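Only one structure is covered here, and it is reproduced in the block below.
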Amino acid sequence: MSSYLLEIIVLIGGLVLLLIEAFISPKQKFKVAYTGIFILGIALFCLFFAKKGFSTENTELTRFYAFDSLAVFFKGFTIVATILALLLSLEYRKTLSKFTANPDSEDGTGEYYCLFLFACAGMMWMASAKDLVSIFVALELTTITSYILVGFMRRNVGSLEAGVKFLILGALSTGFLVYGIAWIYGATGTTDLALIGDQITEKNSTYLLFGLALILISLAFKVGAVPMHLWIPDVYQGAPTPTTAFLSIASKASGFVIMIRVIEPFLDSELGSKVAFILAVLAGATILLGNLAAIPQTNFKRLLAYSSIANAGFILMPLAAWNAGNDLTSKEVVAFYLAIYLIMTFAAFFILVVIHRNTGSDDISAFEGLGQRHPVLALMTAIIIGALAGLPLTAGFWGKFLAFKMAVTGGLWVPVVLGFIGVAAGFYYYFQIIRAMYWRNSLDESPIKISPLSLNIIAVLTVIVVILGIWPQPVYWLVGG
Amino acid sequence: MASLNEFLFVSGLLFAIGLAGVIIRRNIIVIFMCLELMLAAASLTLVAFSRFHIHNGLPDYNGQVFVFFIITVAAAEVAVGLAIIVALYRARQTINVEDLTSMRG
Amino acid sequence: MDSFVPWLLLALPLLSAVAIHLGLKRNQAISAIVSTASAALTLILAIVLLLHKEDVHVAFNWISIGGFAGIKIGLDLDQLAKGMMLVVTGVGFLVHLFSLAYMKDDSAKARYFCGLSLFMFSMTGIVLASNFIMMFVFWELVGLSSYLLIGHWYEKDSAADAAKKAFLTNRIGDFGFMIGILMLWGITGHFTFSGLEGWAAAPTTFCATCLGIAVLCIFAGAMGKSAQAPLHVWLPDAMEGPTPVSALIHAATMVAAGVYMMARFFGALTPDGAELSALVPVFSGQTIAWVGGITSLLAALMATQQDDIKKILAYSTLSQLGYMVMAIGLLNPEAGMFHLFTHAWFKALLFLGSGAVIFACHHEQNIWKMGGLKKTMPITFITFGIGTLALCGFPFITSGFWSKEQILEAALNKNTALFVIAAFVAFLTTFYMFRLFFIAFLGKSRSDNADHAKEVGPLMYVPLIILAILALISGFQPVAQSIAPAYHHEGFHMGWAFGASILAVVLGFGLAFKLYKDAAEDPLAEKGIFKLFRNKFYLDEAYAKVVGYGQDTVAAFVHFFDELIISGFLVGGFSRAAGGIGRLFGRLQSGNLQGYAVLFGLGVLLIIYLTVFVS
Amino acid sequence: MSLILILIPILAAVAILMGGKAKSLATGAAALNLILGLGSVFSWNHGVWDLSLQVLSKPSIHLALGFYDGMSVIMVILSVLVLFTAVMSGKCPEGREKLWYSSILLIGAGALGAFLSTDLFFFYAFHELALIPTFLMIGMLGSGERKEAAWKITIYLSLGSIILLAGLIWLVAASGSETWLFKDLLASSIDAETQSGIAALLIIGFGILISLFPFHSWAAPAYASAPAPVAMLHAGVLKKFGLYGLIRLYPMVSIGMQDWLGWLIVLLLGNILWVGFVTINQKRLDMMLGNSSVMHMGYIFLAFAALVQAGSSEANPLAIPAAVVLMFAHGISIALLFMLTDTIRRKTGTVELAELGGLAKAAPRLAFLFGLGAMASIGLPGLANFSGEVLVFLSGFNGYTGNGLGCVQIATILALWGVVISAVYMLRAYRQTFQGPSVAHTNSDHVKDFGPFCQIPAAILAIALLVVGIYPNSLLHLLKKEPAPSLETEQASN
């Protein structure tokens, strides 16, 4: 059985969903989402319980497609993230339908769910892509879908503005990606990363590095690294919240997996130190800017956007301290970090949606008095926020911990120092939420309404965060494949 | 016949013009056209490399095939992009980028 | 001797204090009796131990740490300690007895006796301590009991303030004391007196100046406890406490602890009668002697113009302590101890006598409102008179004479200037004591309170009589030799010292007689230099200013800078800087797509530059 | 067994959050812990307390608990004592029992966890666990300027933890140790140059947590605003975490620390003298106590400086016992004082020194216990603090031979002046609060003394002070014993 059946399942599932969507009654559109979740569930099931059965042997696509542990992990990661994004969309559909076709029905929301599947298929392919061409195509599948997801609320100016900004800057970064690929191709005569790796020498280093720099620009855009981070705050704030969550988690993760694929041959070559240097610069700048710019924020969604920039910086750190040896590898650390980041960030976005539905606001001030309005939710929020800040005994700690450990072992002193400044600043801005929840009183003392679905999901994620905080080993089981 | 360097120079120039257009122009449609120009520049680079990369007496067609992918993707991008721009125009009655500053900071 | 008997000396008063605090205090009378009984028992034990000629040493580990010699709580009962024990328990018991009557109507009698027992415990600890750390422990504890007893009537602001002042002033002395102990430990490697003795017998090479400084630091402790100038200010204020407390703590025993400690210390440094000056440099001894001399002079001058009966006695105590310290400084600790021994009896007598007077006069303490007590309180009058004579050193028949003679002798031998001061102080002593005596006891009564005074009851006059007897006889060689043989008692010579002493007594008495025989008010008051004496050389005011402007202003300044610089500027600066940079980054996020494109372009250039052109 | 000690309060806290009877559950759990904790004195070096579970393989991190040595035992005893008394003190606002009691228990659990951990990571992590409820409690249920104070302590301590974490990661990375277990770490060595940097981070990181000058401005306002149990637990127990950590990790950076000896001495004198003067100028009882607790940290640092100068605990055998005894003593005494200050606040409605006076008349028991605490804190012999302080001073002069004074000796002498300073402010406060004539807030119609039952927690602390003060060997004996050979039961989880 060929392993790209997984992508095909998701892709065909998406098309089928589009068909179903066309014939389903406006009140029933949410069933599209459930069907989508079901399809993704099948894919996930196949991935985890039948992965031994997949192979890429003797297939035409082997040149473009890898099925290693990294790919398996990120495919699973993408599917889980998409499922959670769909669940989040279900919670968010009131707002969504308000700004689409007909506010009272759920007429315009159906396509929204389908799009996630296409994006998911693209990302799954990205996890396996090992040729610049397939990387480009998979990336664009995801990106173009994301444009629609961002600008989906066509009666909401913020969403449209975000869509346009994303579109222009995204297309700009695509231009750099293609141009970079062209130069690498020019220098090596191939787009196969494995073959490129063999041809990296000091002699053709200028062309190669020029091409690589252009590709890195594009990938930095994708993961939200400074100085290509500019779109993130605006787009995250304007986009529908499920899109924001999807972008900040799944999209960022696929950006990193591609980055790993692209830079791996360079880092293992004699140009390794140069590439590591530029990565270290990116990491340090990203951490510093992401964390410091988050301090004055008053909108929680925008805060999460800056936090997502900051996290990109933390993830870049282990890459800059490249280690492919048999101890803790950089790839493992990145995967580990992202796995934990997924749990925490989705929990945070679920909480945000709950708060938004109750107060109609994304501001930090909307959290005021939560400690009294819903103590359980407040407690869980506190734990999640603590995890995002990186408190020990929460899962969030371990990601940062491993990243720092890697960087310290690799001797990246400047990024490490900046990183610690960033974490300290992180405490400052994350704890503002806790302060709002517990130390401030809201004018509205009515209890917060929360759907059982959200409550359960947040509870499960919180429990996972705590358990992994004490016992992080299970993440390795997933990462190790 | 022109040398590789000349092709690369032209394509680089095109790319730079595209980038400059993105930076300078205020009309989103024009910006979008400039972006397409950048993609075209990249395509030209690829074709040039492909043409001058001789394998067994034949050019390496991998690069030229890639250009088709690029064109396809660009088309899809334009389709989606124009749809968003139209939606924006319907909502705001403007396609000037300077009016899109409701989110900042 | 059973090793448990010495422990009893410590345990009995402690048990009594604890028992009173934990439960007995509900019944005031039982509390008082328990406390007095414990004092009586310790007195008996002290006498038993005194008769037992051998030295006793017992100890247990208090702090033991591997690699460190450890600190023991140990009791050294040698002749020096036994003699002091007798003073402490003897005066202590009599004061307890006296207090039974004096504090009869006090509402917090239990607390008072609890404090007394605690004091007896602490003082016993000082006397028996086998090492400096233990001595420091009990040194502080007597400070605590003194604090508690001075502040017995804590609702009075003056009492509360006096208690605080006493404690703090002592703390300053203890600051030096601890440094001294530490330095001594560094130099000799020992805390224990026996260890010091061993070291002194065969000293390792050491820095003599350092030892001299260490000695002076240790002496600072004595200065605090024995109220030597300039740390003397607490003692007169301490008279806010009940009078029996003044007799016991602030006249006979605790304030003498400094002298005792120095004697103990110098004793340890001179094993087998070696010369102390072989080890301790001259400047230490000279400094100590001068501190003592100056204190005795200043205090005597101040005493001449006080009106409060207890204050006069307090300054006279200061002055006498100055004598003792001078003797220590002249490297003649035996003389100092001998004076301590005799002084304890007659000063306790004087204080208890004054207590009786105050009690009889309904807590009137101003001598100008007394007068004519000779008739109404004959026993008190006679015993007080004996005490006065003893304090003045009336030749041959009083104990004070013998001990003072020793000090004068020592001063004459070693330092003529100090001898002159000492002789002058002797004159002043006679003068102010007879001033007090004439005004309070003779003449006519000058207030209703004094009119209605009645002789006190037997619980109060019996201690007075016993003390009066001791004040007379304790200085005679046979008596002193049998009670306190350690207090070296040289034969008496007729000489300059004797002459000066006689002259001082005669002149002092004469002047007092002339000025105060029938005076109704002080003829010297408000006159030039006497005003200075009356106002204690304005030292208290000066100290208050130093504390007020020095310490409190410094504290206010420091507090201000703490808030401003450390909290506001340094730390606040960091957080403001972080926030400011954050806002700066936020400004880059202009929301304008073209701005983003420009920055994007710059970023591209930067990355390309860093990747391609930076090696 | 150690895990039980930590789990009891955590489970009780969970039960309270689920709706159990808050007060009785909390008291019961704390009492059980007290018994178990005190029981450990007799059994700690028998191995039954040890536990080791690997929770992460790369790097190798273990949930390893047990008594590493006598110092851990002493800190655990301190924790259970203060936890028990903290649960019983203070007054919970109506309707907030869940938060109040569960927070207290969690703080206690965190502190116990930190002192029981024999793995560097969990040592660090448990402390953080204790900090969060501390912040929350101060911000939510504190008094006065609670929000500002809580925000300040949150930011400061988080920053301190971060710097500390940086130091710890560097420490482990530089040591080359395979695991984060103390025993492996302490068996490894670090080259001298790296040590210096690590030592700096440790001093600053731990220093902020301990309120080392000039990182002390969080402490006093936080303690003044904190609910009594939180102030007791933080000032009494949690703050000792930093000192415990410094002493525990010291052997690994003993050479590097010497580069910072001068700074250390300047800073500790800042604590003692500078903050001492700040304390003198305080006008409120709670602020005064808060600052005094900052000041007294300087003495423990002095012992540490003596250790640093000597270079090893063999060269200065007094330093570590001195620090440990003083940590214990300070923990108990400051807990007692904070508890009683809260009592004063509730009984009289004020802690402004100017508005108090003559309270001893109406509340003699309170006056006695407060006096005992105050006397302990100014180092009166017979109470635990003196035993610690005298050892600190001795450790400062350890190795002094009488030829000129070294910097540690000079610091010791200046620190001794701090004893005078602390007597000044403490007696001034006591005089102002309890002595003199009664005023409106304190007359006996208005104020009732402690009931016999209410004074139990205070009495427990007072007894602890007395026991250690009268017989310091009771603690010191614990330090002398060798730890048990640790159980090699690594249950690998992969």
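The shown structure was predicted, so the numbers you read here are calculated from the model rather than taken from an experiment.
- Contact annotation for D174(C): neither backbone nor side-chain heavy atoms come within less than 4.5 Å of a heavy atom of chain D.
- Distance alone, capped at 3.5 Å, places no donor-acceptor pair between the R171(C) side chain and the A423(D) backbone.
- Looking at F177(C), neither its backbone nor its side chain comes within 4.5 Å of chain D, counting heavy atoms on both sides.
- Y471(D) places no side-chain N or O within 3.5 Å of a backbone atom of I63(C) that could act as its donor or acceptor partner.
- Within residues 374-386 of chain D, the residues that have a heavy atom under 4.5 Å from a heavy atom of chain C are M375(D), I378(D), G379(D), L380(D), P381(D), F386(D), listed by number.
- Proximity to chain C is absent for every atom of S438(D), based on heavy atoms less than 4.5 angstrom apart.
- Contacts between F434(D) and chain C at a heavy-atom distance below 4.5 Å involve the backbone alone (N, CA, C, O).
- For Q551(C), the parts lying near chain D are the backbone and the side chain together; criterion is any non-hydrogen pair under 4.5 Å.
- Between the side chains of N473(D) and W62(C), not a single donor N or O lies within less than 3.5 Å of an accepting N or O.
- W185(C) and L394(D) make their closest contact through CZ3-O, 3.1 Å (heavy atoms, listed as atom of the first residue, atom of the second, distance).
- Between R428(D) and D552(C), at least one side-chain N (NZ, or NE/NH1/NH2) sits under 4.0 Å from a carboxylate O, which counts as a salt bridge.
- Scanning both residues, F393(D) and L182(C), for their nearest heavy atoms gives O-CD2, 3.6 Å.
- Annotation: the span from F560(C) atom CZ to N281(D) atom CG amounts to 11.5 Å, rounded to 0.5 Å.
- Contact of F60(C) with chain D is made through the side chain alone, with heavy-atom distances under 4.5 Å.
- Ranked by heavy-atom pairs under 4.5 Å with chain D, the first of L184(C), I187(C), I179(C) is I179(C).
- If you measure heavy-atom distances from N398(D) to chain C, the contacts under 4.5 Å come from both the backbone and the side chain.
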Is there a side-chain contact (heavy atoms from CB on, under 4.5 Å) between F277(D) and H559(C)? Walk through the geometry before answering.
CA-CA 7 Å; F277(D) 276 112; H559(C) 188 192; over 6 Å; no
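- Between G66(C) and P317(D), the shortest heavy-atom distance links the atoms O-CB, 3.2 Å.
- The line from OH of Y154(C) to CZ of R431(D) is 12.0 Å long, rounded to the nearest 0.5 Å.
- The structure places OG of S64(C) at 10.5 Å from CG of L479(D), a figure rounded to the nearest 0.5 Å.
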